[in-house]
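The structure that follows is given in the form of structure tokens.
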Amino acid sequence: MSEQPRKPAQEADPVRPEAADSTPQRLDPRPPHRPEVDPEQEAAFGRPDGVDGSFDPDAAGTPTPGVAQGPPPSDALARAFGRPRDAAESLQREPGETAPDPAGDRPATFWSDRGDRDPWRNPSASSVIGPPALAEDQPEPTAEPGPGPLLSAREVLFGRRVRPRSLAALAGVAVLLAGIGGFVGRITAEEGNPLTNPDVTLAEVEPGVDRPSGGVAGVARRIVPAVVSVEVHVGAQGGSGSGVVIDGEGYVVTNNHVVSMAADTPGATVSAVFSDGTRVPARIVGRDVKTDLAVIKVEVANPTVAQLGRSADLAVGDQVIAVGSPLGLASTVTTGIVSSVHRPVRLAGEGTDTNAVVDAIQTDAAINPGNSGGALVDGNGAVIGINSGIRTIGSGGEGGSIGLGFAIPIDDVRRISQELIRTGRAAHADLGVNAKSVNDGTTDGAQVLNVRDEGSAAAAGLAEGDVIIRVADRKVSTADELVVAVDRHPVGATIPVTVVRQGRELVLDVTLR
């Protein structure tokens, strides 16, 4: 690959003589540009020495100098895809050359003298799946082997790494330890409980008790932390009761007769003791002698607050739970039912200024001195009353519970407590009469003994001797029922009052003051 020298740009081609006189001077075509060839590329891609064409049939199989050659094909590939060993014909013919025609009477096909009978060279032959590639001397398959011998226990557990002698020794040690453990356990059981005779038959018991959240145990677990013991000390004297936490700021509702002895006495102290034993001082926020309620306040962080229910929804027979500190026994829980609702009860205690008549809830849950101010809750754990008093047959009123306990309805407690917290006092409507219970054999009611001047009754025209039998929509049978019937209405309300005067019924509109 030699490069011809180029003529200098300034030299002109010689002018041909025959055109010197008649035609203008014309230049010959410029020779093609042949760039220089890199010696390394020429060694890699150039023809071998002595080879002019693209193929060299005489040098077949001769490796090209400078080019890495792959290993020769295997015998199987050579037999499958190579030419017969005795064939001298090249795979490539010269241009215009045709294959020899053995028959001489037809042009030779380009694939072979076998024509369409050769599927390897016939392009129109269909594909056929051949037999599996197995050697001619392939041995016949032998029969399937039968099941082998089973493994022993030693081989399954330990493989073959444990000697049979060591395995026997290990089993002996295990049996010995089991025997010693059983003997020691028997001695320990007999010596640890000398009162148990191994020859007796113990009574069967049921498995662990399932306590539902709505049962007494679940309700008690939730309400007990919200009930406190209230202790009052005046000099050398003291008393105790119960209280219920009704607000997260530390407000506790209790009975007035529990704290009344410390209300106006200098040096008196009031304390609240929680179910976990925490004792904190308390101060009296407000008292109401007409409903026997009082509110005290303790300074505690995040106290457990009782959930208040609705006493108006109670029915006779509902399950109730009383929680308090009877006779100084804190966190005592008793159960019972609602025996009656809207039971007028007069509450008055010796040594206190309490003189109240409440529209009480009657229950047969055991209530004793010290339960006063505690919670009466329903089956869901909501407070529906504040325990306040009992009826007893003991001398001097010192007897215990006989199943006649009374609680202030929580609907009244909620209203009175809110007023005491806001203003320190509670306002009550007053009819302005003094009355007594009467029964003439046909009609029960409250007979007016006297009418106070400038009172609500005097302004409405009530007179002495009138028997009041109804206040608004509530029937009145006794003097105590008259008090609770009037107290249900707020100050300033105008209500109808039905009276019997000289055998005739009259309805008078009374504006309460």
Can you find a heavy atom in the side chain of Val253 that is under 4.5 Å from one in the side chain of Ile386?
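Yes, side chains in contact.
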Test log, rule side-chain contact (heavy atoms from CB on, under 4.5 Å), inputs Val305 and Asp247
CA-CA 6 Å; Val305 179; Asp247 187 83; 5.6 Å; no
N/O donor-acceptor pair under 3.5 Å between Asp480 side chain and Val483 backbone
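No; zero donor-acceptor contacts below 3.5 Å.
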Is any side-chain heavy atom of Leu404 closer than 4.5 Å to one of Ile390?
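Answer no - side chains too far apart.
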Please assess Asp444 against Asn439 for the test side-chain hydrogen bond (donor to acceptor under 3.5 Å, both in side chains), listing each intermediate value before the final yes or no.
CA-CA 5 Å; Asp444 296 335; Asn439 184 358; 3.2 Å; yes
Val383 vs Leu376, test: side-chain contact (heavy atoms from CB on, under 4.5 Å). Steps then yes/no.
CA-CA 6 Å; Val383 180; Leu376 185 69; over 6 Å; no
Can you give me every donor-acceptor pair (side chain of residues 223-233, partner residue at least two apart or in another chain, under 3.5 Å) with its distance?
| unit_1 | atom_1 | unit_2 | atom_2 | d |
| --- | --- | --- | --- | --- |
| Ser229 | OG | Ser325 | OG | 2.5 |
| Glu231 | OE1 | Arg279 | NH1 | 2.5 |

Within a reach of under 6.0 Å around CZ of Arg452, are more than 12 heavy atoms found that belong to other residues, nucleotides or ligands?
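More than 12 heavy atoms, drawn from other residues, nucleotides or ligands, come within 6.0 Å of this atom.
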For the residue pair Thr363 and Val338, establish whether any side-chain heavy-atom pair is separated by less than 4.5 Å.
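They are not in contact (no side-chain heavy atoms under 4.5 Å apart), so the answer is no.
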Is the backbone of Ala375 close enough, under 3.5 Å, to the side chain of Asn387 for a donor and an acceptor to pair up by distance?
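Flag set: sc Asn387 to bb Ala375 pair under 3.5 Å.
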Under the criterion salt bridge (charged side-chain N to carboxylate O under 4.0 Å, His left out), I'd like the reasoning laid out for Asp487 against Lys290: C-alpha separation, chi angles, the key distance, then a yes or no.
CA-CA 10 Å; Asp487 193 55; Lys290 291 187 176 182; over 6 Å; no
Would you check if Leu512 and Val491 make a side-chain contact, meaning some heavy-atom pair closer than 4.5 Å?
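Result no, sub-4.5 Å side-chain heavy-atom pair not found.
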Any sub-3.5 Å donor-acceptor pair from Asp292's side-chain atoms to Asn256's backbone N or O?
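Yes.
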Taking Gly370's backbone N and O only, do any of them form a donor-acceptor pair with Ser242's side chain (distance below 3.5 Å, no angle check)?
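At least one qualifying donor-acceptor pair exists.
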Could you go step by step and tell me if Arg415 and Asp288 meet the salt bridge (charged side-chain N to carboxylate O under 4.0 Å, His left out) rule?
CA-CA 12 Å; Arg415 175 175 56 87; Asp288 183 32; over 6 Å; no
Tell me the closest heavy-atom pair linking Gly309 and Ile410, and the distance in Å.
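The answer is O-CG2, 3.5 Å.
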Looking only at heavy atoms, which two atoms of Thr332 and Pro326 are closest? And how far apart?
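Heavy-atom minimum between the residues: CB-CD, 3.5 Å.
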Within the structure provided, determine whether His428 and Ile416 are in side-chain contact (heavy-atom separation under 4.5 Å).
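Result yes, sub-4.5 Å side-chain heavy-atom pair found.
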Is Asn380 close to Val219 at the side-chain level, that is, under 4.5 Å between some pair of heavy atoms?
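They are not in side-chain contact.
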Hey, mind stepping through Ile367 and Phe406 against side-chain contact (heavy atoms from CB on, under 4.5 Å) and telling me if it holds?
CA-CA 8 Å; Ile367 297 177; Phe406 304 97; over 6 Å; no
Please confirm whether the backbone N or O of Thr278 pairs with a side-chain atom of Asp276, one donor and one acceptor, at under 3.5 Å?
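Answer holds: yes.
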Taking all atoms of both residues into account, what is the closest heavy-atom pair of Asn255 and Ser388, and its distance?
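So the two residues come closest at ND2-OG, 3.0 Å.
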Side chain Asp411, main chain Ala312, donor-acceptor under 3.5 Å:
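Yes.
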Find the distance between CG (Asp359) and CD1 (Ile408) and round it off to the nearest 0.5 Å.
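Here the rounded value is 11.0 Å.
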Do Val259 and Thr254 have side-chain heavy atoms sitting under 4.5 Å apart?
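In contact.
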Mind checking side chain to side chain contact (heavy atoms under 4.5 Å, CB included) for Val438 and listing every partner two or more places apart, or none if nothing turns up?
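Partners of Val438 by the side chain to side chain contact (heavy atoms under 4.5 Å, CB included) criterion, ordered by chain and then number, come out as Lys436, Gln447, Val467.
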Do you know the tightest heavy-atom contact between Thr291 and Val358?
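Closest approach of Thr291 to Val358, heavy atoms only: O-CG1, 3.8 Å.
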Output the distance between atom CD1 (Ile384) and atom OG (Ser311), rounded to the nearest 0.5 Å.
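Between atom CD1 of Ile384 and atom OG of Ser311 there are 7.5 Å.
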When rounded to the nearest 0.5 angstrom, what distance separates CG in Leu293 from CG in Asp412?
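One finds 8.5 Å between CG of Leu293 and CG of Asp412.
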Listed partners of Val295 passing side chain to side chain contact (heavy atoms under 4.5 Å, CB included), at least two apart
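For Val295 the side chain to side chain contact (heavy atoms under 4.5 Å, CB included) partners, ignoring immediate neighbours, are Tyr251, Val285, Ser417, Leu420, Ile421.
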Expected output: side-chain Thr478 to main-chain Glu481 donor-acceptor under 3.5 Å
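Yes; at least one donor-acceptor contact below 3.5 Å.
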Minimum heavy-atom separation for Val258 to Ser240, with atom names?
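Taking Val258 first and Ser240 second, the nearest heavy atoms are CG1-C, 4.5 Å.
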Looking at Leu482, Val484, Ile469, which one forms a side chain to side chain contact (heavy atoms under 4.5 Å, CB included) with Val476?
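For Val476, the side chain to side chain contact (heavy atoms under 4.5 Å, CB included) check succeeds only for Leu482.
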Indicate yes or no: at least one non-hydrogen side-chain atom of Arg425 is less than 4.5 angstrom from one of Glu419.
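A side-chain contact is absent here, since even the closest heavy-atom pair is not under 4.5 Å.
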Step by step, would you call Ile337 with Asp364 a side-chain contact (heavy atoms from CB on, under 4.5 Å)?
CA-CA 6 Å; Ile337 63 171; Asp364 65 347; 3.6 Å; yes
Work out which heavy atom in Gly336 is nearest to a heavy atom in Gln319; give both atom names and the distance.
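Heavy atoms only, the tightest pair is O-OE1, 3.4 Å.
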So does Ala365 get a backbone contact from the side chain of Thr334, meaning a donor-acceptor N/O pair under 3.5 Å?
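Between the backbone of Ala365 and the side chain of Thr334 there is no qualifying donor-acceptor contact (under 3.5 Å).
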Neighbour count >12 (heavy atoms, 6.0 Å) for atom CZ, Arg414
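Enclosed.
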Checking the side chain of Arg391 only, and the main-chain atoms of Ile402 only, is there a donor and an acceptor separated by less than 3.5 Å?
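No; judged by distance alone, with no hydrogens or angles, the pair does not exist.
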With rounding to the nearest 0.5 Å, note down the distance linking CD in Glu299 to CD in Glu249.
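Here the rounded value is 8.5 Å.
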Thr511 and Thr494: side chain donor to acceptor below 3.5 Å:
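Indeed, the side chains of Thr511 and Thr494 share at least one donor-acceptor pair under 3.5 Å.
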Hey, what do you get for CD1 (Ile495) to CZ (Arg488), rounding to the nearest 0.5 Å?
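Interatomic distance, Ile495 CD1 to Arg488 CZ, rounded to 0.5 Å: 10.0 Å.
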Return the CD to OG distance between Gln362 and Ser340, rounded to the nearest 0.5 Å.
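Spacing of CD (Gln362) from OG (Ser340) equals 5.5 Å.
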Whether the side chain of Ser456 engages the backbone of Arg513 through a donor-acceptor N/O pair (distance < 3.5 Å, no angle test) should be reported.
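Yes, because the side chain of Ser456 sits within donor-acceptor range (under 3.5 Å) of the backbone of Arg513.
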